[in-house]
*Asks:* 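What follows is a single structure, and I will ask about it in a moment.
Computed from a predicted structure; not experimentally measured. Basis for what follows: all heavy atoms, side chains included, without hydrogens, waters or symmetry-related copies. Chain naming here is simple, since letters A, B, ... match the order of the sequence lines and numbering starts at 1 in each.
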Number of protein chains: 4
Amino acid sequence: MRIDGAAGDERRVEPARAAIVRAATELFLAHGFQATGTDRIAAAAAVSKQTVYNQFGDKRSLFAAVVLGVTATAEAYGAELTATLGAVERREDVGPALRRLAHRWASAVLGPNVLAVRRLVVAEAARFPELAAEYHRRAPGATLRTVADGLARLAGRGLVEVDDPERTASDLAFLLFGAELDRALFHPDAPGPDERRIDELVDHALRVVGLG
Amino acid sequence: MRIDGAAGDERRVEPARAAIVRAATELFLAHGFQATGTDRIAAAAAVSKQTVYNQFGDKRSLFAAVVLGVTATAEAYGAELTATLGAVERREDVGPALRRLAHRWASAVLGPNVLAVRRLVVAEAARFPELAAEYHRRAPGATLRTVADGLARLAGRGLVEVDDPERTASDLAFLLFGAELDRALFHPDAPGPDERRIDELVDHALRVVGLG
Amino acid sequence: MRIDGAAGDERRVEPARAAIVRAATELFLAHGFQATGTDRIAAAAAVSKQTVYNQFGDKRSLFAAVVLGVTATAEAYGAELTATLGAVERREDVGPALRRLAHRWASAVLGPNVLAVRRLVVAEAARFPELAAEYHRRAPGATLRTVADGLARLAGRGLVEVDDPERTASDLAFLLFGAELDRALFHPDAPGPDERRIDELVDHALRVVGLG
Amino acid sequence: MRIDGAAGDERRVEPARAAIVRAATELFLAHGFQATGTDRIAAAAAVSKQTVYNQFGDKRSLFAAVVLGVTATAEAYGAELTATLGAVERREDVGPALRRLAHRWASAVLGPNVLAVRRLVVAEAARFPELAAEYHRRAPGATLRTVADGLARLAGRGLVEVDDPERTASDLAFLLFGAELDRALFHPDAPGPDERRIDELVDHALRVVGLG
DNA sequence: AATGAATGAGTATTCATTCAT
DNA sequence: TATGAATGAATACTCATTCAT
């Protein structure tokens, strides 16, 4: 039996490839693709520049690895988001569950990490069109589909009335965080909404969309 | 870098300065800020590089002039947008007028020009935070306020029921084009929605927001 | 009337482009194409690296300019080579004239300058196939054709018996300097043949080819 | 850098060393010395880069091994070339035997392999002067001497009249393939002469040199 | 003897900006 | 005000060679 101290050993021998992705993710998110030199990535990963090129071939491929790596966490998160809906049994539990879901959703999308990734990918969309499309499909798209599925299941069990779950999910999304998201894209330094503001957004959006 | 936009001397027709702004606008929108060299701007404006620097000081100020120049047309457009609401006299005219307004609004926001500007400004928001904020205030913000004012006037005349015009305008906006706008940011080459799709978006958004 | 001190002024204001070609020619001939960095070329021309790129676009184009520039002098030289044949009037003048021509020819081809150019172009023939072919056509090819023409004119005037002037010129050439040329390509540092050796080569070649 | 060529240990079959030389020969001939990286050599030999360095010390020594390895086959070939002359008994057999010899000689020298080696060695002559000289001595030089010896033996037996066998061999060589060889150096992609052309070259060269 | 990574200098090329004419 | 060149730092990427495992 191995206790497997992987977590503990990561300080010592983090595999080069992972270290590069981590460093590049941080730097790309902080300064953008173009403004981040390969020298600095290598230095931040405590790795030689040559190793970067051995592992990724060129800077573009490294960028793709970074962006797709980020989507992996987004995908995992999406499923967790709607798990709360599964436990709903009675009509009066629906409201609180939806409020929790909406709150988490807005918090995540308007959190600094997701905003930074969106800015990064949008900024490079012209130079990486396929990557941008793939990101959109995998991250916000997947979450939207997951929420729509959750609504459809609730509707199937008669706990909620939703004609078009995809559209309702989309309406909910953009009523929730559309304005804030748009604002945030243009205000990279401004802090996101606080908890009270999110609560207020949640109540309003659910009401408008007919789920409140 | 100066963000003062249109200065007082512009009444004297200065072809050089205008030509530079026009050429730079085109190139920045097409290829982005970083990928557009000053050489090419000067060449496209049929002007010497020195003239570019005499007129604008540096590339950043030229960028600011370009972005703020674009907002001028956006501001002019905003007022025109809600003019149709002013002519409304009877309750049964409200629906068609709102539909026309929403259609124009969505068409403009989802048109290639506005999308290109948004991508450009978002891409450079980290390097030009004040400019990005200013753009957001002047272009989408101004339009939103204008629409809110229009709704408020209608409500004041009893033609429509709107509690919070600002919020209603915002909800309408993001129900209308939130999803499409988000999609477009990540798909720089994809064509925008066609007329039928916009009609459908308009009907849906107005209904959800209680104005349809 | 202008005395035109072009020659005297060349120290002061040699046009950038010419200076670059001169420096690049010298360096390419001395160290080869790949081993000569653009930095050094710019430094040797007392010119900024940017000027090199403004003038020639890239290193390959500069190389082409160098090689073709060299052929210009080769072409001019070819005509001068056979001028001596034009003055021949009597049968007994033919021998000395041909000997002079052959001597000059061998001296030129086996001189350090021509050898260096040949090595340079051959070394890069794989990377610049069209340029190498063009060089061969313009420099040794042109000289060969000029000599053949000279022989044909002599034959036309009955001063010499030559059936196939092209072939005779070619035979003469490679009997004259074929072996030495081959040797020199593989001995970049060895001195060329001295005058006596060239005289001997000339006598032998003319005899074998039937013109001695 | 060592220029000692085949060392004593080669009787023990060392697949690694041989594989490296073979791969390097192929790559150097195809792309030149500078354009061939050690990574690719190691990969093509299915060997680690470290093994390359263990076996050869550095890239220059590997290059020397490659070039001298090639000369080994050239030397073996030279003797075979003149074997046909040994069988000549009568005066009327001399002509056909010389024609066969000349044909084989020209075919070999103008074949793609020999041309590629010549280009390679000439291209690097400035950086490897001793190696280039050694190659010239061992490959074309040895063949020339062998042919001269063959002519001398024929002359000694009264089958042919040759005053200076070395010079006659040299004249024959450059009348045969001097022009084609020169052309080929500058036309790396052009195909060599076909059989008929070689026959024609042989007849002409033997006639001019007085052996036809 | 092999592997993956490190090293560190080097490559061509581009950029925004400024100077002299 | 226009032109051509200068500046000087920065870019991504490659190379031969060596070290540790």
*Asks:* For the residue pair D/His187 and C/His136, categorise the inter-ring angle as parallel (less than 30°), tilted (30 to 60°) or perpendicular (more than 60°).
*Replies:* perpendicular
*Asks:* I'd like to check the side chain to side chain contact (heavy atoms under 4.5 Å, CB included) partners of A/Ala65; sequence neighbours left out, ordered by chain and number.
*Replies:* A/Phe56
*Asks:* For the atom pair CD (B/Gln55) and CD (B/Gln50), what is the distance rounded to the nearest 0.5 Å?
*Replies:*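 Going from the CD atom of B/Gln55 to the CD atom of B/Gln50 covers 11.0 Å.
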*Asks:* For A/Phe63 and F/dA12, what is the distance between atoms CZ and P respectively, to the nearest whole Å?
*Replies:*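 In whole Å, F/dA12 P and A/Phe63 CZ are 13 Å from each other.
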*Asks:* Where the side chain of D/Lys59 is defined as all heavy atoms beyond and including C-beta, which of E/dA5, F/dA16, F/dA6 is the nearest nucleotide?
*Replies:* F/dA16
*Asks:* Contact class for C/Asp58 (heavy atom, under 4.0 Å): base, sugar-phosphate, or nothing?
*Replies:*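 The residue C/Asp58 makes sugar-phosphate contact but no base contact.
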*Asks:* In whole angstrom, what separates C/Arg60's CZ from E/dT13's C1'?
*Replies:* 15 Å
*Asks:* Please identify each residue that fulfils side-chain hydrogen bond (donor to acceptor under 3.5 Å, both in side chains) with C/Thr73, with sequence neighbours left out.
*Replies:*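 For C/Thr73 there are no side-chain hydrogen bond (donor to acceptor under 3.5 Å, both in side chains) partners, ignoring immediate neighbours.
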*Asks:* DNA chain F in dot-bracket, Watson-Crick or G-U pairs under 3.5 Å, [ ] crossing, | other strand?
*Replies:* .||||||||||||||||||||
*Asks:* Heavy atoms within less than 4.0 Å of DNA chain E: which residues of residues 37-44 of chain D have one? Give them sorted by number.
*Replies:* none
*Asks:* Can you check the C/Phe28 CZ to E/dA12 C1' distance for me, whole Å?
*Replies:*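 Roughly 12 Å, once rounded to whole Å.
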*Asks:* Reading DNA chain E from 5' onward, which residue's closest nucleotide shows up sooner: B/Gln34 or A/Val52?
*Replies:*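 So the residue in question is A/Val52.
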*Asks:* Please give, in whole Å, the distance from E/dT17 P to B/Phe56 CZ?
*Replies:*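 One finds 13 Å between P of E/dT17 and CZ of B/Phe56, rounded.
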*Asks:* Under the side-chain hydrogen bond (donor to acceptor under 3.5 Å, both in side chains) rule, collect the residues that match up with A/Asp58, sequence neighbours excluded.
*Replies:*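 So A/Asp58 forms a side-chain hydrogen bond (donor to acceptor under 3.5 Å, both in side chains) with A/Ser61.
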*Asks:* Which distance, rounded to the nearest 0.5 Å, do you find between the CG of B/Asp189 and the CD of A/Glu130?
*Replies:* 9.5 Å
*Asks:* With a cut-off of less than 4.0 Å, is there a side-chain N or O of A/Gln55 near OP1 or OP2 of E/dA5?
*Replies:*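 The answer is yes; a side-chain N or O of A/Gln55 sits under 4.0 Å from OP1 or OP2.
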*Asks:* In whole Å, what is the span from the CD1 atom of A/Ile20 to the P atom of F/dA12?
*Replies:*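 It is 15 Å, rounded to the nearest whole Å.
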*Asks:* Compile the donor-acceptor pairs under 3.5 Å between side chains in residues 23-40 of chain B and protein atoms, sequence neighbours left out, one pair per line.
*Replies:*
from: B/Thr25; atom 1: OG1; to: B/Val21; atom 2: O; distance (Å): 2.6
from: B/Thr36; atom 1: OG1; to: B/Leu27; atom 2: O; distance (Å): 3.3
from: B/Thr36; atom 1: OG1; to: B/Gly32; atom 2: O; distance (Å): 2.6
from: B/Asp39; atom 1: OD1; to: B/Lys49; atom 2: NZ; distance (Å): 3.1

*Asks:* Which residues pass the salt bridge (charged side-chain N to carboxylate O under 4.0 Å, His left out) test with C/Glu134, sequence neighbours left out?
*Replies:* C/Arg137, C/Arg138
*Asks:* For C/Arg119, what residues pass the side-chain hydrogen bond (donor to acceptor under 3.5 Å, both in side chains) criterion, not counting sequence neighbours?
*Replies:*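 For C/Arg119 there are no side-chain hydrogen bond (donor to acceptor under 3.5 Å, both in side chains) partners, ignoring immediate neighbours.
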*Asks:* Hey, are the side chains of D/Leu185 and C/Val121 touching, using non-hydrogen atoms and a 4.5 Å cut-off?
*Replies:*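 Counting from C-beta outward, D/Leu185 and C/Val121 never come under 4.5 Å.
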*Asks:* Could you say whether C/Val47 or A/Ala35 is positioned toward the 5' end of DNA chain F, judged by the nucleotide with the nearest heavy atom to each?
*Replies:* C/Val47
*Asks:* Under the criterion side chain to side chain contact (heavy atoms under 4.5 Å, CB included), I'd like the reasoning laid out for A/Phe128 against A/Val67: C-alpha separation, chi angles, the key distance, then a yes or no.
*Replies:* CA-CA 11 Å; A/Phe128 296 87; A/Val67 170; over 6 Å; no
*Asks:* Whole angstrom is fine here: how far is it from CG in A/Asn54 over to P in E/dA6?
*Replies:* 9 Å
*Asks:* Using modelled atom types only, decide if a donor and an acceptor are shared between the side chain of A/Arg60 and the backbone of A/Arg127 within a distance under 3.5 Å.
*Replies:* yes
*Asks:* Among F/dA6, E/dA5, E/dT3, which nucleotide has an atom closest to any side-chain atom of D/Ser48?
*Replies:* E/dT3
*Asks:* In whole angstrom, give the distance that lies between atom CG of D/Leu62 and atom P of F/dT17.
*Replies:*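 Taking CG of D/Leu62 and P of F/dT17, I get 10 Å after rounding.
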*Asks:* Under 3.5 Å, which N/O atoms of the protein pair with N/O atoms of nucleotides 18-21 of chain E?
*Replies:*
from: E/dC19; atom 1: N4; to: B/Gln50; atom 2: NE2; distance (Å): 2.3

*Asks:* Quickly work out the C/Leu27 CG to E/dA12 P distance and round it to whole Å.
*Replies:* 12 Å
